[in-house]
Amino acid sequence: MIWGVSFALHERAVKPRADAIRNRERVLEAAKAVFSQGGPEAGLEAVARQAGVGIGTLYRHFPTREALYESVYRHEVEQLVELAKHLEAGTAPVEALRCWLRAGVEFMATKKGMATALAMAAHGSSDLVAYSLERLTNAVGELLQRAAAVGEIRADIDPKDLLRAVLGMCYAYDGTAWQPKVLRLIDVFVDGLRRRPDKTQDRQAREGLPYAQP
């Protein structure tokens, strides 16, 4: 009996309670929403209010500001990786790529909202940037390969270059109302990745000339 009680107490100590897990997830989702908006209200108190928890609960899960930022960042990366797998399973290749890149813009909004503190977290954890870059590159690389395999987009696009392009679009704008502009650019950008007929074929079509087979 004593052994059974001790084992139960041990299990309770090492295994997080269901409500604690839910609180942690609520804090992460709330932090994403708050940090994405940016501005002077994007503080930990605002995160706690958005999550519906006390500030003490927030600090029990994330003892420092940097710990929260790093956890949000990793959580967002994992969600993007899972989204890529989901899109591969049930969405047309080009639309899957478009949807993933649009979700990537939301990720960048969160990242921009906590840029300074995240830089501090990354400085203290040298593998943070490498971890996220590898995961995101693999995720978008799978989507690119799938679309290229069916001949819908160019096959010479490097996934890292694609990520850099999206990053550049996101950081080209300041303020808090930049996301709709970037989302429109994403649509234009994806359309630009589509395969086009040979330029000779285009010229001959414009000039009304017969197309000569090579």
Side-chain angles (χ1 to χ4, degrees), residues 21-22 24-38 47 50-51 68-115 118 121-122 127-173 176-197:
I21 295 174
R22 284 194 297 269
R24 187 178 190 278
E25 290 297 314
R26 286 165 61 186
V27 169
L28 289 174
E29 289 300 323
K32 172 186 174 181
V34 170
F35 296 150
S36 293
Q37 296 301 316
V47 172
Q50 178 86 5
L68 175 59
Y69 288 151
E70 182 172 349
S71 294
V72 171
Y73 185 77
R74 289 182 182 271
H75 184 65
E76 288 287 279
V77 169
E78 290 305 319
Q79 285 191 328
L80 280 173
V81 171
E82 290 303 313
L83 176 61
K85 295 176 182 177
H86 175 75
L87 291 170
E88 282 186 61
T91 309
V94 172
E95 288 311 305
L97 179 62
R98 188 194 307 273
C99 183
W100 193 89
L101 292 176
R102 290 174 69 89
V105 173
E106 292 186 18
F107 167 67
M108 288 307 304
T110 307
K111 187 172 182 291
K112 286 180 71 174
M114 55 184 187
L118 184 59
D127 68 335
L128 181 60
V129 174
Y131 161 86
S132 60
L133 180 60
E134 179 182 4
R135 301 281 284 162
L136 296 179
T137 299
N138 290 339
V140 75
E142 292 291 332
L143 295 173
L144 279 170
Q145 278 191 339
R146 181 169 172 251
V150 296
E152 293 188 3
I153 68 166
R154 299 167 54 124
D156 59 345
I157 308 300
D158 185 282
K160 286 185 180 179
D161 289 341
L162 183 57
L163 290 178
R164 291 188 187 101
V166 175
L167 181 69
M169 291 183 214
C170 292
Y171 278 94
Y173 294 95
T176 59
W178 57 273
Q179 288 188 66
K181 298 176 183 178
V182 176
L183 290 175
R184 171 164 171 73
L185 287 178
I186 290 293
D187 288 336
V188 174
F189 185 70
V190 171
D191 289 341
L193 294 179
R194 289 180 178 272
R195 292 188 63 182
R196 293 292 184 266

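The first residue of the sequence shown is numbered 1, and numbering continues consecutively from there.
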Would you be so kind as to tabulate the donor-acceptor pairs closer than 3.5 Å made by side chains of residues 155-163, with sequence neighbours excluded?
{"unit_1": "D156", "atom_1": "OD1", "unit_2": "R154", "atom_2": "NE", "d": "3.0"}
{"unit_1": "D156", "atom_1": "OD1", "unit_2": "R154", "atom_2": "NH2", "d": "3.4"}
{"unit_1": "D156", "atom_1": "OD2", "unit_2": "R154", "atom_2": "NH2", "d": "2.7"}
{"unit_1": "D158", "atom_1": "OD1", "unit_2": "K160", "atom_2": "N", "d": "2.8"}
{"unit_1": "D158", "atom_1": "OD1", "unit_2": "D161", "atom_2": "N", "d": "3.3"}
{"unit_1": "D161", "atom_1": "OD1", "unit_2": "R164", "atom_2": "NH1", "d": "2.9"}

Which residues share a side-chain contact (heavy atoms from CB on, under 4.5 Å) with [X], sequence neighbours left out:
X: C170; result: V105, M108, V166, W178, V182
X: E78; result: Y131, R135
X: K181; result: Y173

Which heavy atom of R195 sits nearest a heavy atom of G151, and at what distance?
CD-O, 3.3 Å

Identify the two heavy atoms, one from L185 and one from M169, that lie closest to each other, and give their separation to 0.1 Å.
CB-SD, 3.8 Å

Distance in Å, T91 OG1 paired with L83 CG, rounded so as to fall on 0.5 Å steps
8.5 Å

Can you measure from NZ (K32) to OG1 (T110) and round to the nearest 0.5 angstrom?
6.0 Å

Those residues at least two apart in sequence (or on a different chain) that pass side-chain hydrogen bond (donor to acceptor under 3.5 Å, both in side chains) with E29 are H75, Q79

I'd like to check the side-chain hydrogen bond (donor to acceptor under 3.5 Å, both in side chains) partners of S71; sequence neighbours left out, ordered by chain and number.
none

Could you go through E106 and Q179, starting from their C-alpha distance and side-chain angles, then the distance that decides it, and tell me whether this counts as side chain to side chain contact (heavy atoms under 4.5 Å, CB included)?
CA-CA 8 Å; E106 292 186 18; Q179 288 188 66; 4.3 Å; yes

Is R194 reaching over with its side chain to a backbone N or O of I153, donor-acceptor style, under 3.5 angstrom?
no

E70 and R74 ion-paired at < 4.0 Å
yes

Any salt bridge linking K85 with E88? Criterion: basic side-chain nitrogen under 4.0 Å from a carboxylate oxygen.
no

Which word best sums up how the rings of Y69 and F35 line up, parallel for under 30°, tilted for 30 to 60°, or perpendicular for over 60°?
perpendicular

Here the side chain to side chain donor-acceptor pair (under 3.5 Å) pairs for residues 139-153, sequence neighbours left out, are none

Under 3.5 Å, side-chain donor or acceptor atoms of residues 93-100 against the rest of the protein: list the pairs with distances, not counting sequence neighbours.
{"unit_1": "E95", "atom_1": "OE1", "unit_2": "R98", "atom_2": "NE", "d": "3.3"}
{"unit_1": "E95", "atom_1": "OE2", "unit_2": "R98", "atom_2": "NE", "d": "3.3"}
{"unit_1": "E95", "atom_1": "OE2", "unit_2": "R98", "atom_2": "NH2", "d": "3.4"}
{"unit_1": "R98", "atom_1": "NH1", "unit_2": "D187", "atom_2": "OD1", "d": "3.3"}
{"unit_1": "R98", "atom_1": "NH2", "unit_2": "D191", "atom_2": "OD1", "d": "3.3"}
{"unit_1": "W100", "atom_1": "NE1", "unit_2": "L80", "atom_2": "O", "d": "2.8"}

